[in-house]
Amino acid sequence: MKETAKNDGLTDKQTHHRIIIIHRRKTAVLKIFLTHSLVLTRNGTFHTVSCSRTQERKRVRMRFSLKVNGKTRVVDVSSSTPLLYVLRNDLELNSPKFGCGLAQCGACTVIMNARAVRSCTVTVERATNFEITTLEGLGTSSSPGPLQQAFIDEQAAQCGYCINGMIMTAKALLDSKPNPTDPEIKHALNGNLCRCGSHLRIVRAVRRAAQTRAVKQQSS
Amino acid sequence: MKRRKFLQASGALTVAFSWWGSRAFALSSGSERVDLNGSPLPSALDSWLAIGGNGSVTVYTSKVDLGTGVLTALSQVMAEELDVSFRRIHMITGDTDRTIDQSQTSGSRTLHKAAPQLRQAAAAARHELLRRASLQLNLPVESLTVEDGVISGPKSAWNSVSYWHLIGDQRFNLSVTAVGNGADLKVAPEILAKNPKEYKIVGKSIPRVDLPAKFSGEFVYTQDVRVKSMLHGRVIRPNDVLSHPEFVDEKFGADVPGIVAVVKEGSFVGVVAETEWSAIQAAAKLKITWSKTAAHLPATPDELYAYLRDTASFAEQVVADKTASQNDPTLPSRLKTVEATYQWPFQMHGMIGPSCAVAEVRGDRARIWTGSQGTHRTRKAVADLLGFAERDVQIIYAEGSGCYGRLCPDDVAEDAAVLSRAVRKPVRVQWMRQDEHVWEPKGSAQLIHVQASVDHNGAIESWNLTDRYFPYTAGADTRLLASRQIGMPQTGQGNMGHGFTYGKAGGGDLYVFPNQRIVSPVVPWIQNDLTPLRTCNLRAPGALARTFVSECLIDEVAANAKIDPVEYRLTLPVNDERTKDSLKSAAAKAQWKSRPSPSEQNNGAAATGRGVACANRDGTVVTAIAEIDVNKNSGKISVRRITIAQDCGMIANPDGVKNQIEGNVLQGVSRTLFEEVEFDERSVKNSSWASYKTLRFEDIPDVDIVLIDRPELGFLGVGEAAIIPVPAAIANALFDAIQVRLRTAPLTPARVKAEFFATRLANPKSKRR
């Protein structure tokens, strides 16, 4: 651990006291080392590096099998992990965004068995029995799905951080109610927050997607 | 080209760099090309753009897209000037190692100030390419034409050569004139740019380049940047002003899987863990005893406004101070005084995605990805904190959530740097919702007093407006949060030195009155102490509140004189006649019918009203007309429609401008009706969206837009013009509906109801209403 302190980039300009407590995990067993050392920095001040004594601890990670965008994915995470972090960090599906972690804003919305759900408050354990769809499951930028295409056609975003939630909530709405009225669209999206003020375009995009689908069905 | 890979490959999830390899490339290109801080020199044409052998054009700019679509517009400007198709343009933005400091992205200035700099660089490049083609083809420059990067002689395609053949993947090695710096930098002024009348790409509604990837989850926001061996960090900050950790549990960590480190430096406390969820849990579980601090802030809104009223200002900005010679000595006796005091609260930026940064600090070098409005400025702050030279810190812009003011992407860059330095690995830090709500710097509260003397015809003889506000305590030259907590010495006075940070427009300066005084006294605010009620720029700084006051007072004068408010404004002498054009256009679009306010139709519980207001943001003139419904029993206002007529000079992308206007209007409605930061003497009370209401889908009005195109004026800026007149237009519509002048924002149902019944008691004649 001394080595950590020596090389950690602390500069001699800093004269403040500094404590770093470091723990290291080794495979299933967490080993925590104890050393106490005072390290002299280049300008003559000290900083302390302290670590606590070796302990053994049980493995808390578990394997979970998730059905995401039609594929089965296995992850090795702690059971309390919200689905959002598993999708983003373990499966590298970036579309669901962290906005509040409190199910207040909707940026993290995914579809679980046809329902729009806030993935920040569903644990991975609970999500195992559902068919999960993320924005990536609707299409790509080069081959967008019909709802994504409607958002492109209406240029329905500014920063777009909220837009995952908008599209996924709209997708769940249109799947259950193919031809919603404007008040129904607004009602469905009312729990999704947007700060840039793209609401009008988002409503137009959802309406356009519904109309396009209706026209296609009539002609087929 | 290795160094350009990251931003071009927007679909890539993991950023794989050979550490500092790209930097070596940058520095090996010759020290004469970079300034002392390692940024490219504006006098080298190669600093601005590069022609690729593959037919691409790469443009370098410190201006960043904050989610407004401005990069699409800038790309149009570059494609236009170079005569290449739009799809060839790639933008590298806000990278301190690769872009010139053209000043931060703010204040509706990207197209106004930076576009001409880039355009002139493009014009200089085109000039040079034509010169070389002329030599190669042995034809005079005047006979050459350019189409999509192919330079051709008069007769046939045989006499042609392309940009990519002439200079593809090579440097121009050409100096251009560059005078001044930042927003005022003048680039190659001697080069004649294309006549706007010939524009084919500028002025078109080209779809935004970033949106398809944003609609599919492929776009890489700051929040999505991942580097190899990256760990996750969280910071733990106090809820209270001036609080510092008296106790941090050093034995902590045994029961939190995946924890790597607890880092404490001064008052700064953070955790680092292997997974994001571990970091979140660790931050929540870590036992910290925060010091109890004495009462520090005004405890209620009443105390706040009393503080603003009674505290001596330390600086005063005079926007107008004019006294007419008194020709008619009887005039004062014939004048009637109208006067009022208005209150505007602290408001939040309220980013949907909390601030995030990824930092990699190794040895004496650092590389940080963050969504800062001004990466060059952030570089200085981080370099100071780490004790590095600026040239050894690279800040790379990665778009975050739309922010509308200087915000915590700067603060979080420092947080990530401190944690990365401690664990010697790359660390990603994202703030939690509570961190963002409590610790983001807020838009300042304002207390504005206005007094006008009016003759019996409704002509305003004198106008006196005093706008009291706080300076930025999280301003450009003040320390960021981690620096303050770690105990870095303060840098001078920050913006307390001059204080004039909250703009000056909107206080009645649209009009010309014989006697006119508009002043902004700046009242000291908690500056050097650590407080969650920091202040900084919030979209259209100060102008919403000032316009709320001035345009409501104009409305009041018109109502007293029983003149239609649009017609009344058309009779007033104005500084810019374009104001009247926008007024007429908005009135026509909204089918405005001439009559004085208030409306005489509103006898039932449900009333309707309409109101108008005008504004000018650095030359962009805009008129808003609001149509509202208000329920007299509940006090609830529903905005039905807002009509905007805007003249922002030349229009680069009409749909982009409309998108900005819609966003401005909806954010304006939100700030007018709902938004107010609550606090007590120690802390900010709004720690989540549950207690800070913003506009939702069921609250949105329709927005009708008239764009007035004046290409001869150049770009004037659209980022924060249309929001300015919205509060006044809604407040005037409220008066039109129920004869209530509400002078405190936001116009909440409780305030509307209270004021309605108070007005009715005070004025029994209007009881039937």
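Keep in mind the model is a prediction, meaning the values are calculated, not measured. Throughout, a chain's letter reflects where its sequence line sits, starting with A, and its residues are numbered from 1.
- B:Arg208 contributes a side-chain N or O that, together with a main-chain N or O of A:Gln158, makes up a donor-acceptor pair within less than 3.5 Å.
- Using a 4.5 Å cut-off between heavy atoms, B:His232 touches chain A through its side chain atoms alone.
- With a 4.5 angstrom heavy-atom cutoff, A:Leu147 does not touch chain B via any of its atoms.
- Contact annotation for A:Leu102: only side-chain heavy atoms (C-beta onward) come within less than 4.5 Å of a heavy atom of chain B.
- Pairs passing the salt bridge (Lys or Arg N to Asp or Glu O under 4.0 Å) check and including a residue from residues 149-170 of chain A, sequence neighbours excluded, read A:Asp153-A:Arg208, A:Glu154-A:Arg204, A:Glu154-A:Arg208.
- Under a 3.5 Å cut-off, the side chain of A:Arg195 and the backbone N or O of B:Cys403 do not form any donor-acceptor pair.
- From A:Gln104, atom CD reaches atom OG of B:Ser688 across 3.5 Å, with rounding to the nearest 0.5 Å.
- For a residue to count as touching a neighbouring chain, one of its non-hydrogen atoms must lie under 4.5 Å from one of that chain's; by this rule B:Leu66 touches chain A with the backbone only.
- Contact count against chain A (heavy-atom pairs under 4.5 Å) is highest for B:Ser216 among B:Gly487, B:Pro207, B:Gly353, B:Ser216.
- If you tally non-hydrogen atom pairs under 4.5 Å between each of A:Gly101, A:Cys105, A:Pro82, A:Ser198 and chain B, the highest count goes to A:Pro82.
- Of the listed residues B:His437, B:Glu399, B:Glu675, the one with more heavy-atom pairs under 4.5 angstrom with chain A than any other is B:Glu675.
- Between the A:Gln148 side chain and the B:Pro212 main chain, no donor and acceptor come within less than 3.5 Å of each other.
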Walk me through whether A:Ile167 and B:Lys214 qualify under side chain to side chain contact (heavy atoms under 4.5 Å, CB included).
CA-CA 11 Å; A:Ile167 298 178; B:Lys214 285 179 172 176; over 6 Å; no

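- Heavy atoms of B:Ser401 lying under 4.5 Å from chain A belong to its backbone as well as its side chain.
- Both the backbone and the side chain of B:Glu698 come within contact range of chain A, with heavy atoms under 4.5 Å apart.
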Begin from the C-alpha positions of B:Ser205 and A:Gln155 and carry the test side chain to side chain contact (heavy atoms under 4.5 Å, CB included) through to its verdict.
CA-CA 10 Å; B:Ser205 289; A:Gln155 293 285 290; over 6 Å; no

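- B:Trp689 and A:Cys100 get closest at one heavy-atom pair: CD1-CB, 4.2 Å.
- Across B:Thr694, B:Leu666, B:Asp702, the residue that shares the most heavy-atom pairs under 4.5 angstrom with chain A is B:Leu666.
- For A:Lys177, the NZ atom is loosely surrounded, since the number of other residues' heavy atoms within 6.0 Å does not exceed 12.
- A:Ala157 approaches B:Leu211 most closely through the heavy-atom pair CB-CD2, 3.8 Å.
- With B:Arg696 contributing its side chain and A:Asn190 its backbone, the two residues share a donor-acceptor pair below 3.5 Å.
- Of the inter-residue distances, the one linking A:Leu193 atom CG with B:Tyr692 atom OH reads 12.5 Å to the nearest 0.5 angstrom.
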So A:Val77 and B:Thr275, side chain to side chain contact (heavy atoms under 4.5 Å, CB included) or not? Walk me through it.
CA-CA 9 Å; A:Val77 294; B:Thr275 68; over 6 Å; no

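- Here the closest heavy-atom approach between residue A:Ser80 and residue B:Trp277 is recorded as OG-NE1, 2.9 Å.
- Side-chain atoms of B:Glu276 and A:Asn89 form a donor-acceptor pair, as typed in the model, at a separation below 3.5 Å.
- Interface remark: B:Val703 contributes backbone and side-chain atoms alike to the contact with chain A (heavy atom separation under 4.5 Å).
- Rounding to the nearest 0.5 Å gives a distance of 8.5 Å between CD1 of B:Ile700 and CG of A:Asp182.
- Chosen from A:Gly160, A:Pro183, A:Gly106, the residue pairing most often with chain B at heavy-atom distances under 4.5 Å is A:Gly160.
- For a residue to count as touching a neighbouring chain, one of its non-hydrogen atoms must lie under 4.5 Å from one of that chain's; by this rule B:Gln434 does not touch chain A.
- Few gaps surround CZ on B:Arg641; more than 12 heavy atoms of other groups in view lie less than 6.0 Å from it.
- A:Arg88 places a side-chain N or O within donor-acceptor distance of the main-chain N or O of B:Gln223, the cut-off being under 3.5 Å.
- For a residue to count as touching a neighbouring chain, one of its non-hydrogen atoms must lie under 4.5 Å from one of that chain's; by this rule B:Lys693 does not touch chain A.
- Remark: B:Asn653 pairs with B:Gln76 by the side chain to side chain donor-acceptor pair (under 3.5 Å) rule, at least two apart or across chains.
- Using a 4.5 Å cut-off between heavy atoms, A:Ile163 touches chain B through its side chain atoms alone.
- Neither the backbone nor the side chain of A:Thr134 has a heavy atom closer than 4.5 Å to any heavy atom of chain B.
- Residues meeting the side chain to side chain donor-acceptor pair (under 3.5 Å) test with A:Thr81, sequence neighbours left out: A:Ser78.
- When A:Phe98, A:Tyr161, A:Phe151 are compared by the number of non-hydrogen pairs under 4.5 Å with chain B, A:Tyr161 comes out ahead.
- Within residues 137-144 of chain A, the residues having any heavy atom less than 4.5 Å from a heavy atom of chain B are, in residue-number order, A:Gly139, A:Thr140, A:Ser141.
- For a residue to count as touching a neighbouring chain, one of its non-hydrogen atoms must lie under 4.5 Å from one of that chain's; by this rule B:Ser670 touches chain A with the side chain only.
- Contact record, A:Cys162 with B:Ile352: CB-CG2, 4.4 Å, taken as the closest heavy-atom pair.
- The most heavy-atom pairs under 4.5 Å with chain A, out of B:Thr68, B:Asp65, B:Leu695, come from B:Leu695.
- For the pair B:Gln667 and A:Cys196, the tightest heavy-atom approach, listed with the atom from each and the gap, is NE2-CA, 4.4 Å.
- The environment of NZ in A:Lys186 is crowded: more than 12 heavy-atom neighbours from other residues, nucleotides or ligands sit within 6.0 Å.
- Within the 3.5 Å criterion, the main-chain N or O of B:Gly217 finds no donor-acceptor partner in the side chain of A:Asn94.
- For the options B:Gly69, B:Gly668, B:Gly67, heavy-atom pairs under 4.5 Å to chain A are most numerous at B:Gly67.
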